[in-house]
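Before any comments, here is the structure.
Lettering of chains follows the sequences in order, A, B, ..., and the numbering in each one begins at 1. For the numbers below, each heavy atom of this structure counts, side chains included, while hydrogens, waters and symmetry mates do not.
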Amino acid sequence: MKDVPDREPATPSPEPTDFIREAVRQDLASGRFARVHTRFPPEPNGYLHIGHAKAVWIDYGIARDFGGLFNLRFDDTNPVKEEQEYVDAIAEDVRWLGAEFGDRLFFASDYFEQMYRWAEDLIRKGKAYVCDLSSVEVSAHRGTLTSPGKDSPCRNRSVEENLDLFRRMRAGEFPDGSRTLRARIDMAHPNLNMRDPVMYRILHTEHHRQGKAWCIYPMYDWAHGLEDSIEGITHSLCSLEYENHRPLYDWFLENLGIYRPRQIEFARLNMTHTVMSKRLLLELVNEGRVRGWDDPRMPTLAGLRRRGYTPEAIRVFCKRIGIDKADSTVDVQLLEHCLREDLNKRAPRFLGVLCPLKVVITNYPEGEEEELDAVNNPEDSAAGTRKVPFCRELYIEAEDFAETPPPKFFRLSPGREVRLRYAYYITCREVVKDAAGRVVEVRCTYDPATRGGDSPDGRKVKSTLHWVSARHAVPAEARLYDRLFTASDPLDVPPGGSFKDHLNPESLRVVTDCRVEPALKDVRPGFICQFERLGYFCADPDSAPGRPVFNRAVTLKDAYARAQRTPSAV
RNA sequence: UGAGGAUUGGUGUAAUGGUAACACACCUGACUCUGACUCAGGCGUUCUAGGUUCGAAUCCUAGAUCCUCAGCCA
């Protein structure tokens, strides 16, 4: 991924693939803008999620496609909700995603002084006034969707008085909520956002970057267009709910007489079995429903990263879902597909057993052991091979054995011969049970002629199993994740219900007695591999030397398991 | 019944007056030292009603349905 070049002349996108790129292309052609400059403006009040990835990828991708610039700008105008922790996490996530902003990291709070001066300008023009109404009174004066509002009694204050009052607001003379600065537009406007919107509120709260420098803070509508204007943004891309705010965005900039970017709105991402709201995600974190913002079940970028998602997979996903103005819900299976597609090409394969069942090869010499060659990645010949130890006692997956095999079960069962991946054909001769009647060991014989996994006499075997050498394998923990919510739309609840009613009680299954290849003994957190026949796994930061912990990012597709679920397929 | 938007298979998108297509999902089958991958096939679509036109997803008219907005949040 290349850096966005600095100040290169805008180049028309070769083929507009969505309505925003089409609009940008037209703006370039018409001369409305001579360059392209976008921004991603998160509020640092939570972690970024996959929906933000879509937005980032639209903002960054359009800048890149048109040879323009891309800014990361924190919209930190509300100190009561914002924290430095979020600033750091968000910047890291955006970098990780691959949206490079170089040194173009900005903070709205750095513009507070300029914003303040512009506010005085508006007052001088008679287009803003200090209002003494309380928030309830302002609300009552606003009118309703179908009826006009009423003017504030303060609406016709003199410029001098407004200036004086506004300066004293800044100086800290008034308590929180006692006054606001409002734009003087039209209390009867059919768009409620235009009914004298509040520009500044009094908040005697310390700001995470500005400290105690301010006790008045700008509102979004007032601040956002100014931020865009200051940075020379050409296309201010945002989600649909801001469509109603565009007239106000334009109004402030026009009445100030300053540079005006073009705001374009697109539909935010929704995904099945997922909630995509920082507020609700925060609720899950605060109530301990998940381990934190980076819990691998969370749709946050931090969670997805910990789980084993790659930036490449997320980018491809963002590209495939497209951009539109229609509300939509993407099937989470598309995200999973993108991950499998990426990891299938790149992830090295290993053998690992989640639930070990001991296998004793009765005709294999007691103290002997040997090394077999295993292919690291059948999709990538350059990945080479590795050695895997083999000896008399092995572990296989418990569910790969059935004493009485159901129909279509091809794996190991008494009398049946199967292949151990890269090793030998083995035949089950005997089953050992404990007092409770549970199978605790399977005794097999192997065919020395099948070393490497091929039979010289050409006989076929229905199934190939993964395995590890009991003597050599390293113990590991696996965390098997399933969707966080059982319902396709977790927000679809009866009156009085909660999205948390749909929480999947089996969204996390911890398996503590796994066995994996010795090569995996000391993996670094973040290492991603495929455990053959099981899925893609990512080493967790909780890993300890000699005892790795793996998060299952996604299973392999499993036709057998699917057939089990749908009994119709005989 | 204020304003602003939206509507194409199960899902997400494409087609910009000229054969409605792609991906995911789902279902078959082939292949296979991963019941993976890959390959082949199948399923199924223009919100409704009128109109313009040789021809409409696309243009016009009317309607339906859905989304957003009444924070001193963003």
Side-chain angles (χ1 to χ4, degrees), chain A residues 17-18 22 41-43 45 75 77-78 80-81 131 133-135 138-140 142-149 176-182 189-195 197-203 216-217 219-221 223-224 238-247 265 267 269 272 278-279 320-338 340-341 344-345 349 351 374-375 378-379 408-411 419-423 425 450 452-455 461-466 488 530-535 555-563 566 568-569:
Chain A
T17 50
D18 56 77
E22 176 60 24
E43 182 188 16
N45 67 343
D75 203 3
T77 58
N78 184 0
V80 312
K81 288 188 175 179
C131 179
L133 259 26
S134 69
S135 59
V138 168
S139 177
R142 187 149 29 225
T144 70
L145 293 177
T146 50
S147 61
D176 287 3
S178 57
R179 291 175 213 269
T180 56
L181 183 73
R182 301 176 66 183
H189 201 288
N191 180 340
L192 298 238
N193 296 127
M194 301 296 275
R195 320 244 259 229
V198 172
M199 295 164 60
Y200 279 94
R201 75 281 217 188
I202 300 172
L203 244 32
I216 56 171
Y217 290 93
M219 299 287 293
Y220 170 87
D221 284 310
H224 203 83
C238 60
S239 49
L240 249 29
E241 65 265 33
Y242 294 105
E243 214 158 16
N244 294 335
H245 296 249
R246 184 166 9 109
E265 310 84 13
L269 171 67
T272 58
K278 280 195 271 189
R279 196 187 99 246
R320 294 220 176 124
I321 57 177
I323 310 173
D324 205 79
K325 291 192 72 157
D327 292 309
S328 61
T329 302
V330 173
D331 193 332
V332 69
Q333 289 183 109
L334 178 60
L335 214 213
E336 296 173 344
H337 167 82
C338 292
R340 289 192 186 102
E341 181 181 59
N344 178 49
K345 288 179 302 195
R349 271 96 234 248
L351 301 178
V375 174
E379 304 289 323
K408 291 249 182 181
F409 184 89
F410 302 148
R411 285 107 101 143
R419 172 169 38 233
L420 295 180
R421 180 84 155 150
Y422 300 128
Y425 284 13
T450 58
D454 283 305
S455 164
V461 102
K462 285 282 263 182
S463 163
T464 300
L465 308 186
H466 59 277
S488 172
Q530 180 195 105
F531 284 131
E532 296 215 29
R533 305 210 306 132
L534 294 175
T555 62
L556 257 28
K557 286 215 283 189
D558 187 344
Y560 177 70
R562 203 181 317 129
T566 45
S568 60

Options B/rA23, B/rU11, B/rG5, nucleotide nearest the side-chain atoms of A/Glu243 | B/rG5
Between CG of A/Asp331 and CD of A/Glu336, what distance do you get to the nearest 0.5 Å?
-> 8.0 Å
Determine, for A/Lys278 against A/Glu43, whether the closest basic-nitrogen to carboxylate-oxygen distance falls under 4.0 angstrom.
-> no
With a 3.5 angstrom cut-off on both distances, give the Watson-Crick or G-U wobble partner of B/rA3, or none if there isn't one.
-> B/rU68
Counterpart base for B/rU19, defined by Watson-Crick or G-U wobble contacts under 3.5 Å = none
When rounded to the nearest Å, what value does the distance between C1' atoms of B/rA15 and B/rG55 take?
-> 16 Å
For the side chain of A/Asn191 and the backbone of A/Asn244, is there at least one donor-acceptor N/O pair under 3.5 Å apart?
-> yes
Heavy atoms of A/Val198 and A/Met219 approach each other most closely as O-CG, 3.2 Å
Value in whole Å for how far the C1' atom of B/rC67 lies from CG of A/Asp324 | 13 Å
Closest to the A/Ala326 side chain: B/rU7, B/rG35, B/rA36?
-> B/rU7
Would you say the base of B/rU16 and the side-chain of A/Glu22 have a donor-acceptor pair closer than 3.5 Å?
-> no
Return yes if the base of B/rU13 and the side-chain atoms of A/Arg320 contain a donor-acceptor N/O pair under 3.5 Å, otherwise no.
-> no
Contact letters for nucleotides 69-74 of chain B, in which S counts primed atoms plus P, OP1 and OP2 and B counts the base, heavy atoms under 4.0 Å | BBSBBB
Given the C1' atoms of B/rC54 and B/rC43, what is the spacing between them in whole Å?
-> 34 Å
What is the distance, rounded to the nearest whole Å, between atom CD1 of A/Ile321 and atom C1' of B/rA25?
-> 16 Å
Given B/rU34, is OP1 or OP2 found less than 4.0 Å from the side-chain N or O atoms of A/His466?
-> no
Taking only the side-chain nitrogens and oxygens of A/Ser328, find out if one of them lies under 4.0 Å from OP1 or OP2 of B/rU13.
-> yes
From the list A/Asp454, A/Val461, A/Thr464, side-chain contact (heavy atoms from CB on, under 4.5 Å) with A/Tyr425 holds only for A/Val461
OP1 or OP2 of B/rC27 less than 4.0 angstrom from a side-chain nitrogen or oxygen of A/Arg562, does that happen here?
-> yes
RNA chain B nearest-nucleotide lookup for A/Ile323 and A/Arg533: closer to the 5′ end is A/Ile323
For B/rC67 and B/rA25, measure between their P atoms and round to the nearest Å.
-> 29 Å
Residue A/His337, side-chain atoms from C-beta onward, closest of B/rC24, B/rG12, B/rU34 | B/rC24
With C1' as the reference atom in both, quote the distance from B/rU8 to B/rA3 in angstrom, rounded to an integer.
-> 27 Å
Go along nucleotides 37-45 of chain B 5' to 3' and tag each nucleotide: B for a protein heavy atom under 4.0 Å from its base, S when only backbone or sugar atoms are that close, - otherwise.
-> S--------
What's the base orientation of B/rG55: syn (chi within 90° of 0) or anti?
-> anti
Say whether, by atom type as modelled, one donor and one acceptor occur between the side chain of A/Arg142 and the main chain of A/Gly149 under 3.5 angstrom.
-> no
Comparing A/His189 with A/Phe531, nearest RNA chain B nucleotide closer to 5' gives the residue A/His189
C1' gap between B/rC69 and B/rU48, integer Å = 28 Å
Say you pick atom P in B/rU58 and the same atom in B/rA23; how far apart are they, in whole Å?
-> 25 Å
Using the C1' atom as the reference point in each nucleotide, state the distance between B/rA56 and B/rA20 in Å, no decimals.
-> 12 Å
Expressed as a whole number of Å, how far does the C1' atom of B/rC31 sit from that of B/rA36?
-> 12 Å
